[in-house]
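Side chains are part of it too, since the values below use all heavy atoms of this structure and drop only hydrogens, waters and symmetry mates.
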Amino acid sequence: MNTVSRPPTTLIGCLLSAASGAVDVVVFTGLGHVFASVITGNVVVIGVGIGSGDATAMSHAAVAVLAYAVGVALAAGFTRSNRSAARRLGWLHLVELVALVCVAALWIAADSHPGGVTAYAALVLAAGAMGVQTRAFALVGVPGLSSTYFTGTLTGLLTDLVVDGRLNRSAALGLLSLLAGASASGALVSYAAVAAPLLPPVLVAAVLFLTLRRPGR
């Protein structure tokens, strides 16, 4: 796999993990009690919606899964281009940043209470952005760390620790960053709701800056 493995990959992973946690809090609390990146949880919500006849819950979760899948697919198609891996990475993070800025704009325009078509549009943009981020971070290739889904990260972290006595610091920092991003976003939702969706694009903008200034791109 064509990867970009130069520093500061762990820092980039931590920033993206924090962004993922922050986005999921905003989406869960304000866009239908689903997730932008936790696809397993969304599939369960779809199942609950089917079983209980809750069409609203099912539709929100289904839209999130579909938008995430489209984001991954489009990003994967883009990474097949002949551009250098680092340049492709920069473009993907730019697309993600634009999508998250649009989410923030829709949220603020609705005074932190988007509904109807606006809520679905914000959900599509947020989940699509997380799909793009997942594929983008795959180009970085930090062993044991994902920036959007963490069951495998936690499993690998504990397995390495118990079996080999080795702590994967990148994985541990990624998990802590996820918690930090979710906590910060939760505080914003509680005390300054209108500003809550501004945190993820700030974090992704920092990632884009780090990506573009990396040597040898």
Val25 with Leu106, same ILVMFWY side-chain cluster at under 4.5 Å: no
Verdict with supporting geometry, Leu161 and Arg166, side chain to side chain contact (heavy atoms under 4.5 Å, CB included): CA-CA 5 Å; Leu161 192 60; Arg166 180 176 64 86; over 6 Å; no
Heavy-atom check, side chain of Leu31 versus side chain of Pro114, under 4.5 Å: yes
Co-membership, hydrophobic cluster, residues Leu212 and Val132, 4.5 Å side-chain: yes
Test item: Asp54 side-chain N/O and Thr56 main-chain N/O as donor-acceptor pair under 3.5 Å: yes
Side-chain heavy-atom pair Val140, Leu89 within 4.5 angstrom cut-off: yes
Nearest-0.5 Å distance that lies between atom CG in Leu176 and atom CZ in Arg169: 13.0 Å
Steps toward side chain to side chain contact (heavy atoms under 4.5 Å, CB included) verdict (Leu100, Leu125): CA-CA 7 Å; Leu100 292 176; Leu125 289 165; over 6 Å; no
Side chain proximity check, Phe150 to Leu178, heavy atoms < 4.5 angstrom: yes
Heavy-atom closest pair, residues Val23 and Ala126: CG1-CB, 4.1 Å
Atom of Ala76, atom of Arg135 and distance for their closest heavy-atom approach: N-CG, 3.7 Å
Any side-chain heavy-atom pair of Leu145 and Thr9 under 4.5 Å: no
Test side chain to side chain contact (heavy atoms under 4.5 Å, CB included) applied to Leu198 and Ile108, step by step: CA-CA 9 Å; Leu198 297 177; Ile108 293 170; 4.0 Å; yes
Check against side-chain hydrogen bond (donor to acceptor under 3.5 Å, both in side chains), Ser20 and Ser147: CA-CA 7 Å; Ser20 174; Ser147 71; over 6 Å; no
Shortest non-hydrogen separation from Thr148 to Met130 and the atoms involved: CG2-O, 3.8 Å
Residue pair Leu66, Val124: steps toward the side chain to side chain contact (heavy atoms under 4.5 Å, CB included) verdict: CA-CA 8 Å; Leu66 180 60; Val124 167; over 6 Å; no
Ring geometry between His33 and Phe28 (parallel below 30°, tilted from 30 to 60°, perpendicular above 60°): perpendicular
Closest contact, heavy atoms only, Ala127 versus Ala64: CB-O, 3.4 Å
Pairwise side-chain contact, Leu157 with Leu167, heavy-atom cut-off 4.5 Å (strictly under): yes
Main-chain N/O of Asp160 paired with Asn168 side-chain donor or acceptor, under 3.5 Å: no
Flag for Tyr149-Thr40: side-chain donor and acceptor within less than 3.5 Å: no
For the student: nearest non-hydrogen atoms of Leu199 and Ala184, plus distance: CD2-CB, 3.8 Å
Residue pair Leu208 / Val204, side-chain heavy-atom distance below 4.5 Å: no
Polar side-chain atom of Trp107 near backbone of Ala193 as donor-acceptor pair, under 3.5 Å: yes
Side-chain heavy-atom pair Ile39, Asn42 within 4.5 angstrom cut-off: yes
ILVMFWY cluster membership beyond Tyr191 - transitive side-chain contacts under 4.5 angstrom: none
Same apolar cluster (I L V M F W Y, side chains within < 4.5 Å links), Leu74/Leu123: no
ILVMFWY network linking Leu92 to Ile12, side-chain heavy atoms under 4.5 angstrom: yes
Contact check, side chains of Leu154 and Leu175, non-hydrogen atoms, under 4.5 Å: yes
For the student: nearest non-hydrogen atoms of Leu16 and Phe137, plus distance: CD1-CD1, 3.7 Å
Exam field: side chain Gln133 to backbone Glu96, donor-acceptor pair closer than 3.5 Å: no
Hydrophobic cluster identity match, Val95 and Leu203, side-chain contacts under 4.5 Å: no
Distance-only side-chain donor-acceptor flag, Ser146 / Thr153, under 3.5 Å: no
Pair Ser170, Thr10: side-chain N/O donor-acceptor within cut-off below 3.5 Å: yes
